[in-house]
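Here is the naming used below: chain letters follow the sequence lines, and residue numbers restart at 1 for every chain. Just so it is clear, the structure is predicted and the values come from calculations on it, not from any experiment.
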Amino acid sequence: MAPAVPALRRPLISVPRTPPPPLVPPLQNLRRHPFSRIPHEEPCDPPNSSATLLLRRAAALLNSAAQPSHLSQIHAILLSSGLLRCSPSLSAKLFLSAADFGLIHQAHHLLDEIPSPSVPLWNVAIRLHSRHGAFADALHIYDKMLRQGVVPDGLSLPPVLKACGGLPAPTFGRAVHAHILRWGFETDLFVQNGLIAMYAKCRQIPCARAVFDRLSDRNVVSWTSIISGCAQNGFPLEALQIFARMLSSSVVRPDFIALVSVLKAYMDIEDLDQGSSVHGLVIKLGLDDEPDLIITLTAIYAKCGQVHTARSLFNRVPSPDVILWNAMISGYAKNGHASEAVELFREMIARHMKPDSVTIRSAILACAQLGSLDVGKWIEDYTGHSHFKDDIFVKTSLIDMYAKCGSIAYAHRVFECIPNKDVVVWSAIIMGYGLHGRGREAIRLFEEMKCARVGPNDVTFVGLLSACKHAGLVDEGWKYFHSMRDYGIEPRHQHYACVVDLLARAGHLEKAYEFVRSMPMEPEVTVWGALLNACKIYGHVGLGQYAAEQIFALEPSNAGHYVQLSNIYASAGMWSDVARVRVLMKEKGVSKAIGCSLTEIDGKLHSFRAGDKSHPRYKEIFEKLAELERKLKKSGFVPHMGSVLHDLSMEEKEESLCNHSERIAIAFGLISTAPGTTLRIMKNLRACVNCHSATKLISKLVEREIVIRDINRFHHFKDGLCSCGDYW
DNA sequence: TTAGGGTTAG
């Protein structure tokens, strides 16, 4: 249904000699740009011959004025001599020159000096103010024009509408719409396009649609105005439907501005396939060298994870601005290319580009993912010398990064130095302690937060429940979950998943299953995954099988779940079922994710895979591995044979176990660092039972603290024990 | 004379 066009009020333009009503009363209250009035002389007598000569000279001077300062000097001379009053044409000339130089204050003042400005002069003044964002002044001038009984023309109204679009409420825009109807501009395409854009800017999409739908002729600007209006106001699908109509009508060819607006809609729905098809259209239309399109395409590819395509487009931009650097860096950071993000951040600095708070946060996020404490410290050091050193957003990112890089002490140091901690800061530190298995401290911080009168939000509870989960604090987690509604927070799927994990991992499998059945929403993979994981720990084949079936229906291509089920069968010695899972994996075309461990030595990351012999020092590494194995055996270490996927012989099992990537990373760390140095390792999978037991003992045998970040949490191994208390 | 866009803590 077409919305009602704003009601026509009583005529706003009055006949000459009758003072016209104001545009709308509140306009009087809009703040105007202050400008000083320069005192001038009384009007002079009709110009004599010497005055005429002066006026001619002044006009010639104006023609040759090359700089705004020249103009100001001429203005001052004419004012003080009183000549300006004698010649309206000179005032108009001076006004137009000021407008050309973009001197809005001076032009505004000069307009007041012209006794009866013509419509083109009013238009210049309105357009000048509208273009410079002085919307209230533009509307004041329009109002003044109406009060003087001047009827606007088709050129007056587009900048007036633009000014109306720059104000938060559509009040003035509606009044101008009434003027348009009254003076018969319904068929003026420029005016109608201005109306569409005005309503779109004022978030009145139904009104914009009504104007657009009534147009008999539409040009590319009409289409672009309505497409971008819909995209900007949260209606991307509507924007794309209109674009499809535009293409099918084949009357108007999209230009680069239209395509930028369309890409914005695809960016909002993160539909890269369709975004790529627009890229195809860009090429077909020969617009692929258009800088603004390259920039928009770079951002959309980066956001959707096609970082290589994004980077090749980025490289074509000669001088990317800070927003484009941010788009590329955060595109890398958010899509698993943390090293490239850090590298690009370094390049940005090397190219003397000034990062902003967003850049810094993206770079810190990349460090967090990389697990690189050295790079993280470098970025903190960098921000310490920048004006972001007190930025709470940056500080919060640092807390998260240090926690994820294995140093909860550094995270706490940053936390302590924040003066007015908001809920996000508290949530970040609570999450950090949880990640390190320090559930009691997380709970203490939660209570401190409440004492500080900071209310928790849903994310705080994710952190708190996950802290309880990692530390096995079942009663506390259960209690906090049930307190959420007291704070007006409705538990989301993530909270339910935490509780299922909490119950199941503590061995309450039946209770966990009942809890899943009582959930008010359909359980997702994370919930069934938590149950499956616990079934693996407690060897519950039946429930494990059931949970796995639910997962396979929801996420058939994730190898990790098949491996979990297979491990449940393997632990129970059900080798034919292990083989069945292997066949199933083959049929579905999924393969086991390859375990990979990273360790940072002297700022350089070294990556290892199971049985990896590609490292230049692999001979020394394997000698150290063999030495560790001998020491482990001598201390009575018995490998846990359930940690292998396939039905191998005992000897093969032992070999495949001690070649796991984290063991190679440990061996490399031992030969590369001084005695007593803490080893820090990041692993892409969950630590296996065997490696976990072995690492505990290794930490004691070699007298080293070993910190391992697995896919879920941190393990701090020291003196034969792990901070997780074997609960993970 | 009129239309557009990219980054953002847990």
Which part of the nucleic acid does A/Gly331 contact within heavy-atom distance under 4.0 Å: base, sugar-phosphate only, or nothing? nothing
Please enumerate all residues that pass ring-ring contact (aromatic ring centres under 6.0 Å, His included) together with A/Phe714, with sequence neighbours excluded. A/His436
Across all chains, not counting sequence neighbours, the salt bridge (Lys or Arg N to Asp or Glu O under 4.0 Å) partners of A/Lys264 are A/Asp268
Select base, sugar-phosphate, or nothing to describe what A/Lys303 touches, counting heavy atoms under 4.0 Å on all strands. sugar-phosphate
Any side-chain donor paired with an acceptor under 3.5 Å for A/Thr460 and A/Asn457? yes
Please identify each residue that fulfils salt bridge (Lys or Arg N to Asp or Glu O under 4.0 Å) with A/Glu476, with sequence neighbours left out. A/Arg440
Using side-chain contact (heavy atoms from CB on, under 4.5 Å) as the criterion, list what pairs up with A/Phe415, not counting sequence neighbours. A/Ile399, A/His412, A/Lys421, A/Val425, A/Trp426, A/Ile429, A/Leu445
Taking only residues two or more places apart in sequence, or in another chain, which ones meet A/Ala163 in a side-chain contact (heavy atoms from CB on, under 4.5 Å)? A/Ser130, A/Phe135, A/Ala138, A/Leu139
Of residues 257-271 of chain A, the positions that come close to DNA chain B - non-hydrogen atoms, cut-off under 4.0 Å: A/Ile257, A/Val260, A/Ser261, A/Lys264, A/Met267
Under 3.5 Å, which donor-acceptor pairs do the side chains of residues 295-306 of chain A form with other protein atoms, sequence neighbours left out?
from, atom 1, to, atom 2, distance (Å)
A/Thr296, OG1, A/Asp292, O, 2.8
A/Thr298, OG1, A/Ile294, O, 2.6
A/Tyr301, OH, A/His279, ND1, 2.8

So, using salt bridge (Lys or Arg N to Asp or Glu O under 4.0 Å) as the criterion, who are the partners of A/Arg127 when residues are at least two apart? none
Got a sec, which residues hit ring-ring contact (aromatic ring centres under 6.0 Å, His included) with A/Trp122, two or more places apart in sequence or on another chain? none
My understanding is that only residues two or more places apart in sequence, or in another chain, count here; which of them pass salt bridge (Lys or Arg N to Asp or Glu O under 4.0 Å) with A/Arg444? A/Glu448
When we call it a touch if two heavy atoms are under 4.0 Å apart, what does A/Asp292 touch: a base, just sugar-phosphate, or nothing? base
Interface with DNA chain B, restricted to residues 443-463 of chain A and to heavy atoms under 4.0 Å: A/Asn457, A/Val459
Between which nucleotides of DNA chain B, read 5' to 3', does contact with chain A run, using atoms under 4.0 Å from its heavy atoms? B/dT1 to B/dG10
Across the strands shown, which category fits A/Gln192 at heavy-atom distances under 4.0 angstrom: base, sugar-phosphate, nothing? nothing
